[in-house]
Amino acid sequence: MAVSSGSLGYIAVDGAEGLFRGAALAVDFRGIPICFYYTDPIKPSRLERILYGSALEVYLREELILESLLKSVEAKPSLWICREPDLLGPLKSLTKGKVLYLAQSHRSPMDAAGNVESSGEPWVYLVQADSVSAPLRVAFPENTKDDEVKQAAAVLVDAAKTMELLEPFGRIQKALALEEKE
Amino acid sequence: MITKDVKDYFYRHFLGVLKVNSVSPELASPQIFSQKRGVEVHSVQAGARIKVVSASRLSGGDMSRSVREVKFSSQSVKVKEAKIKRYTLGKALPRAFSKLKTKTHNGTKQASVLPQERANRLQWQLTRPKKEGEMILAWFGPIVEDAVVKLTLNKRRGTLLIWYNPQSRHFDVKGLYLYRRMGIKENLEWRWM
């Protein structure tokens with residue numbers, strides 16, 4: 001029996017069809033939920049869309065939803081993971097911790113779990129988190145140092161031993177869909 | 001019938017009397033009309049039914065018209081009847097513009113009963129346990145076997161749904177193979193590895 005104290009925080013903010021909502025799920029390294037918070041959906045009125053203008057989406061996603069969620073989550077995950085690259089900056093400044101964007105890549109697997117390669121884009125890497133999947137595409141906030149990249153990759157590799165790293169995003173979607181039905 | 005002239009003639013000859021009519025030199029005073037205009041005030045009856053002819057669809061130059069009323073072609077328009085309501089000035093209520101807000105809810109209980117979903121990762125398995133008379137169909141992992149409460153194969157999506165015991169302290173992982181034993185009874189079987 002081995003015990004791991006690490007945890008991952010997953011953040012999803014959705015703004016499809018003018019309806020904005022977000023959710024945060026913190027899980028242990030087995031994917032078991034530690035806490036889950038979600039926001040009420042926000043549908044800005046026509047007047048609000050006019051008054052806020054182009055700043056509306058940024059305000060809703062980054063300030064209102066993200067900030068509310070992070071204030072609510074009591075856990076302090078080893079990594080915060082988002083699936084929208086534009087949330088990296090605000091997530092970094094709000095959490096002051098390690099944050100990254102995670103997505104599946106279509107590249108063939110690298111030699112061994114733990115391998116990290118630059119994708120060619122600044123602060124975007126390919127990380128082979130385990131030996132049973134394609135490398136993950138991992139983006140970091142601007143000016144992230146190499147050491148921080150290595151540390152974050154090590155956390156991903158550690159967690160991938162006991163869980164599927166992208167799976168919690170699917171559960172967030174299911175939880176929000178269930179909440180919407182109720 | 002005796003005319004007036006014949007009557008006068010007989011009056012003069014037999015009676016010596018002549019009827020004299022006086023004519024007043026004064027002209028009749030003219031009728032005076034004031035130029036001041038009066039205004040008739042009628043109150044609008046709120047309950048009065050007034051026929052309103054409205055055209056919901058106009059087809060073009062097919063309309064005949066008279067001075068007092070407009071007639072539309074019955075084929076091109078629908079005529080509706082409605083009450084005219086008194087228009088009263090309403091009070092404009094000032095609406096304060098408040099900043100957009102959202103509320104955060106704790107959904108940890110709901111999230112903890114949702115299963116985790118594992119995709120079939122057999123394609124990434126380089127080494128597979130081979131046994132005669134068996135065909136491996138899928139590999140699901142990593143799974144913490146000792147923490148599992150329930151496993152269900154989602155046949156439609158080809159995925160495995162896993163319910164873990166949130167109180168479990170186990171972290172040892174295994175993989176779960178799904179294979180078919182070849183033979184008369186081709187049963188599906190599971191094997192932890």
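Just so it is clear, the model here is predicted, and its values are computed rather than measured. Proteins come first, then strands; the chains are lettered A, B, ... in the order of their sequence lines, and each starts at number 1. Side-chain atoms are counted along with the backbone in the values below, which use heavy atoms only and exclude waters and symmetry mates.
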Assess the side chains of A:Tyr38 and A:Arg21: does a donor N or O sit below 3.5 Å from an acceptor N or O? no
Looking only at heavy atoms, which of residues 119-127 of chain B get nearer than 4.5 Å to chain A? B:Ala119, B:Arg121, B:Trp124, B:Gln125
Indicate the atoms forming the closest heavy-atom contact of B:Asp146 with B:His170, along with that distance. CB-CG, 3.3 Å
Side-chain heavy atoms of A:Pro44 within contact of A:Leu56, under 4.5 Å: yes
Using a strict 4.0 Å threshold on nitrogen-to-oxygen distance, state whether B:Glu134 and B:Arg128 make a salt bridge. no
Does the pair A:Arg30/A:Asp28 count as a salt bridge with the N-to-O cut at 4.0 Å? yes
What part of B:Glu117 is in contact with chain A, defined as an atom under 4.5 angstrom from a non-hydrogen atom: side chain, backbone, both or neither? both
For chain A, which candidate among B:Gln110, B:Lys101, B:Arg118 shows the most heavy-atom pairs at distances under 4.5 Å? B:Arg118
Any side-chain heavy-atom pair from A:Asp130 and A:Leu165 closer than 4.5 angstrom? no
Could you tell me which of A:Leu64, A:Val27, A:Ile42, A:Leu69 has the largest number of non-hydrogen atom pairs under 4.5 Å with chain B? A:Leu64
Proximal component of B:Lys174, with respect to chain A [non-hydrogen, under 4.5 Å]: neither
Taking atom types as modelled, is there a side-chain donor on A:Arg171 or A:Gln173 under 3.5 Å from an acceptor on the other? no
